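Along the sequence shown, residues carry numbers from 1. Side chains included, hydrogens not; waters and symmetry mates left out as well; all remaining heavy atoms used. Since we're looking at a predicted model, the values are computed, not measured.
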Amino acid sequence: MTSSPKSAATNDKQLSPPTETHDPYKMRSLEQILSLFDGGEFLGDLLAGHRQLQHDLLDHRAEHGAKDCKGTMTIKVDYALGKSGDVAMGARVEFKSPKKPPANAAAYINDDGELTLYSPLLTRMQQPVRDVPNHDPETGEIRDAD
């Protein structure tokens, strides 16, 4: 069986991909979608928060070094499809700056179990000062015993 030229042309039309019509209202980027929320204020707040997070990272590195210098930005977009094809959307953004390390301090515990700044080792060292009789009164130099 041979196919007629008319049926070959019909087969070619079936194999060609459908052409996309230009839709000027189509959202083509994430930035366009995020600019829909709160009349564009959400996107402005998101970008300002992102900029602040970058400053927080730089400040943390300058103060505490690069260890644990991490932050996050989480964007959550909720979609609810309506019966007529409309989509209700809600968006949230959350920023987490690097956590500051805990403050450090040092002290001692005395014999009564209380915190003190006075080292117990110093109390052992501070026995009565011994007298050194063999010293030169002018220079303070200790002389050998004869």
In Å, rounded to the nearest 0.5 Å, how long is the span from [atom1] of [X] to [atom2] of [Y]?
{"X": "Lys70", "Y": "Ser97", "atom1": "NZ", "atom2": "OG", "result": "14.0 Å"}
{"X": "Glu31", "Y": "Leu47", "atom1": "CD", "atom2": "CG", "result": "7.0 Å"}
{"X": "Ile109", "Y": "Thr116", "atom1": "CD1", "atom2": "OG1", "result": "10.5 Å"}
{"X": "Thr74", "Y": "Lys96", "atom1": "OG1", "atom2": "NZ", "result": "6.5 Å"}
{"X": "Leu43", "Y": "Asp38", "atom1": "CG", "atom2": "CG", "result": "11.0 Å"}
{"X": "Gln52", "Y": "Leu57", "atom1": "CD", "atom2": "CG", "result": "10.0 Å"}

Examine Met27 and Ile75 and state if one hydrophobic cluster contains both, with Ile, Leu, Val, Met, Phe, Trp and Tyr joined whenever side-chain heavy atoms are less than 4.5 Å apart.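 As far as the 4.5 Å side-chain criterion goes, Ile75 and Met27 are connected within one cluster.
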
Cluster question for you: counting only ILVMFWY and a side-chain heavy-atom cut-off of under 4.5 Å, with indirect links fine, are Leu81 and Tyr79 together?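 Hydrophobic grouping puts Leu81 with Tyr79.
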
Report, as yes or no, whether the 6.0 Å neighbourhood of atom NE2 on His64 holds more than 12 heavy atoms from other residues, nucleotides or ligands.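 Atom NE2 in His64 is crowded, with more than 12 foreign heavy atoms closer than 6.0 Å.
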
If you count every heavy atom of other residues, nucleotides or ligands that lies below 6.0 Å from Asp23 atom CG, does the total exceed 12?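 It does: Asp23 CG has more than 12 such atoms within range.
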
Evaluate the side-chain contact (heavy atoms from CB on, under 4.5 Å) criterion for residues Asp45 and Val93: first the C-alpha distance (whole Å), next the side-chain angles of each, then the deciding distance (0.1 Å), finally the verdict. CA-CA 9 Å; Asp45 293 345; Val93 64; over 6 Å; no

Hey, does the side chain of [X] reach the backbone of [Y] with a donor-acceptor pair shorter than 3.5 angstrom?
{"X": "Asp112", "Y": "Glu114", "result": "no"}
{"X": "Asn110", "Y": "Gly113", "result": "yes"}
{"X": "His60", "Y": "Lys100", "result": "no"}
{"X": "Arg92", "Y": "Gly90", "result": "no"}
{"X": "Gln32", "Y": "Ser29", "result": "yes"}

Where is the tightest heavy-atom contact between Pro98 and Asp68, given as atom of each residue plus distance? CB-O, 4.1 Å

Assess whether side-chain contact (heavy atoms from CB on, under 4.5 Å) is satisfied between Phe42 and Leu34, documenting all intermediate values. CA-CA 7 Å; Phe42 178 79; Leu34 294 177; 3.9 Å; yes

Within-4.5 Å side-chain heavy-atom neighbours: [X] and [Y]:
{"X": "Cys69", "Y": "Lys67", "result": "no"}
{"X": "Thr72", "Y": "Phe95", "result": "no"}
{"X": "Leu36", "Y": "Met89", "result": "yes"}

